[in-house]
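Each chain gets a letter, A, B and so on, in the order its sequence line appears, and its residues count up from 1. Because the structure is a prediction, the values reported are computed rather than measured.
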Amino acid sequence: MIDIPSTVRARLKETAGASGSGHVDPNLLTAFAEQTLLAGERTFVMTHLSQCRDCRDVLALAVPIHQTELQAVGALAARSRPWWNLAAVRWSAVAATAAVVVAAVLMRTPQPQLPLAQMQAPSQVQQNVSTNKTELPGAANTLAESRPSAPAPIRAKQKRTISRDSTAEGLARADSQKTFARRDLDMMTAYRQDERAGQAREQDEKLAAALNTDVVVVGAENEAAKKMQAPGITSRAEAGGNEVQARTEPTKPTLGWTESVTPGIAWSVSQGRLLRSMDAGATWEPLPVDSRATLRTYWAFDTDIWAGGDNEALYRSSNAGETWTQVHPVLADGTILRGDITKLEFDDAQHGAVITSKGERWETKDGGASWKQR
Amino acid sequence: MSGGSQVAPGALLVGLEKLVGELFERSAGAKFGLTIEEFTVFLGEVSAKTLSAEASQQDVRELLGTLRVEDLALARACAAGNESAWEHFLTRFREKLYDSARAITHEESQARDLADSIYADLYGMTTREGERPSKLTSYTGRGSLEGWLRTVLAQEFVNRYRGQRRLVSLEEQEEESHQFVVAAPAAEPVAHVDERLEGAVDEALANVSPEDRMLLAAYYLDGRTLAEIGRMMGFHEATASRRLDKLAKTLRKAVREGLVKRGMSRRQADEAMEADVRDLQVNVRKRLSQER
């Protein structure tokens with residue numbers, strides 16, 4: 001990164017000041033962190049923060065890692081870029097052109113065959129996957145795992161897989177899924193505006209190295225990528241001409257966990273999975289809520305659990321996670337909740353609210369049977 | 001942006017009785033023994049603290065719309081000593097409070113100590129003249145109660161840590177002054193900064209927005225990582241990186257142009273930017289202390 005002149009740094013230090021005579025009220029600081037300040041207040045708070053080291057330290061400590069990642073994702077989704085944003089238009093055009101070219105090439109090029117040992121029938125794929133307790137969505141070949149929201153040391157052990165399917169179908173699927181990793185990739189791509197589309201793969205590899213993960217490129221046209229082994233991938237198989245990978249399940253929380261009112265039962269969420277412990281946190285098991293869902297947040301009280309995550313994923317259990325019901329929030333006028341669910345706030349199993357990445361708040365008073373948007 | 005002139009707490013809510021009623025219902029304060037009159041007083045206090053007497057009804061509506069009324073009702077019911085509210089509060093926040101303390105201190109016993117000290121303040125353990133002042137009365141519902149608790153924890157931690165650091169600095173200063181008593185200390189060089197340089201830098205920094213100044217301070221003064229800065233400011237670390245790069249380029253360009261405008265050549269301007277004479281003072285002091 002380009003550095004600022006040392007004279008500027010020195011002057012900044014002189015004028016920034018250490019702890020001033022007053023500090024920002026915790027209510028305002030919290031509202032700043034949660035982005036609920038009124039317009040004029042934000043400028044005031046920002047000005048103070050630019051001058052007060054103590055308040056910056058408080059803010060840095062007060063914003064939790066997990067929530068702020070969700071916040072950043074939510075804020076990014078909520079900040080609708082104008083459709084005429086030049087960078088977005090440019091990259092959309094590049095992606096569309098690439099998709100057309102690749103589709104044309106694919107129609108002419110025969111599908112390469114993997115060695116027999118690696119080929120399995122789709123039904124076998126499903127079976128293999130289920131033994132790993134992972135059920136993959138049909139012939140989907142684009143898996144983008146959530147980035148575990150964990151302190152720095154954890155990153156070395158938990159790798160994130162970025163999938164890049166450059167077929168037209170894969171691009172469309174990745175966009176529609178709105179996965180966290182894809183958004184990361186999009187942002188990084190937009191940041192390097194001088195990269196040409198032809199260098200996209202090299203770009204992914206650099207990104208993967210920087211993020212301490214492996215790139216798994218899925219797509220019939222890329223033989224070299226198929227040979228790449230990605231840690232965390234426990235099986236490879238071919239189904240319907242596309243590669244399918246199973247991901248490892250988390251075996252313990254990377255964040256904190258919540259103890260239920262019922263002694264011994266505890267809950268957490270890690271790598272998109274809801275974890276349950278029946279022995280007060282000694283051991284953990286990922287629950288099969290819905291294999292397609294990437295869960296980010298939960299609320300638990302006694303045997304009542306609500307779990308929410310990407311792409312409107314919302315589930316409820318009233319028997320400590322033994323069985324689950326998917327909940328689809330719909331307003332009286334037929335409006336369906338869209339977006340990632342980033343937070344759950346419940347008073348009890350019946351009364352609560354769901355907060356989305358778009359900043360929407362949907363409330364229920366009857367356990368999810370009916371909803372109102374605040 | 002607190003109210004400039006004193007505002008009677010209920011004055012801003014005149015004409016908004018229906019909205020207040022809806023908010024009270026949403027807050028479920030009644031189950032904790034709160035009355036709508038008490039709730040109206042809370043909302044009035046928050047409005048008066050935030051808005052000026054000249055605020056329009058629309059401004060008040062906007063403010064009330066951002067409030068976490070459920071959390072506000074719970075907090076105030078706890079502050080009033082409602083046992084049911086406390087049970088609810090403990091169920092929801094007890095573990096989160098300790099988790100947050102652990103995340104802040106990274107050490108179990110310190111976390112316990114920190115969380116317990118906050119608990120005492122929240123519960124209002126100190127009784128004065130029959131009252132039980134609880135810190136929860138200062139919660140205004142501007143952000144979530146959970147977030148407010150984390151902020152309060154963080155503030156307490158920073159205050160304790162700063163206090164300890166000041167004590168340590170005092171000890172270090174005493175040691176240094178003792179060392180310098182032995183031999184006559186060399187006269188400290190006085191740094192004279194070129195007025196043109198100071199003017200150009202001040203001019204460049206004056207055009208930086210408060211948000212960008214905070215970005216600069218957090219990165220260049222506090223040494224925070226891009227990820228931390230992104231968390232603090234609500235955007236992705238890639239955005240933080242991009243903005244800092246752009247800021248650095250803009251500042252360099254602005255300072256260079258300012259110096260050229262003040263009579264320096266471009267080469268002189270580049271040299272002046274990189275060698276800050278204030279740094280020399282630090283180096284000399286370091287060398288002096290090492291020689292002892």
If I measure from the heavy atoms of chain A, does [X] come under 4.5 Å with its side chain, its backbone, both, or neither?
X       : result
L153(B) : neither
E228(B) : neither
L226(B) : side chain
E156(B) : neither
K31(B)  : side chain
R94(B)  : neither

Are [X] and [Y] within salt-bridge range, i.e. N to O under 4.0 Å?
X       : Y       : result
R262(B) : E203(B) : yes
E146(B) : R150(B) : yes
E360(A) : K343(A) : no
R102(B) : E107(B) : no
E45(B)  : R76(B)  : yes

Completion exercise
If one checks every heavy atom of K365(A) against chain B at 4.5 Å, the contacting part turns out to be side chain
Best-contacting candidate, [options], against chain A by heavy atom pairs under 4.5 angstrom:
options                            : value
H88(B), R26(B), R224(B), R68(B)    : R26(B)
L244(B), D202(B), V152(B)          : D202(B)
I229(B), T66(B), I104(B), T140(B)  : T140(B)
K249(B), E70(B), Q155(B), E62(B)   : Q155(B)
A200(B), A204(B), A103(B), G143(B) : G143(B)
L63(B), L251(B), D222(B)           : D222(B)

Looking at [options], which makes the most heavy-atom pairs under 4.5 Å with chain B?
options                       : answer
L49(A), T47(A), T36(A), D3(A) : D3(A)
R9(A), R374(A), E363(A)       : R374(A)
D348(A), L37(A), D347(A)      : D347(A)

Exercise for the section: Decide if the gap between the ring center of W306(A) and the ring center of F346(A) is smaller than 6.0 angstrom. Expected result: yes
Within the 4.5 Å heavy-atom criterion, are [X] and [Y] side-chain neighbours or not?
X       : Y      : value
F157(B) : D57(A) : no
L74(B)  : R92(B) : yes
R142(B) : E41(A) : yes

Completion exercise
Taken in chain and number order and not counting sequence neighbours, the residues that satisfy ring-ring contact (aromatic ring centres under 6.0 Å, His included) with Y98(B) are none
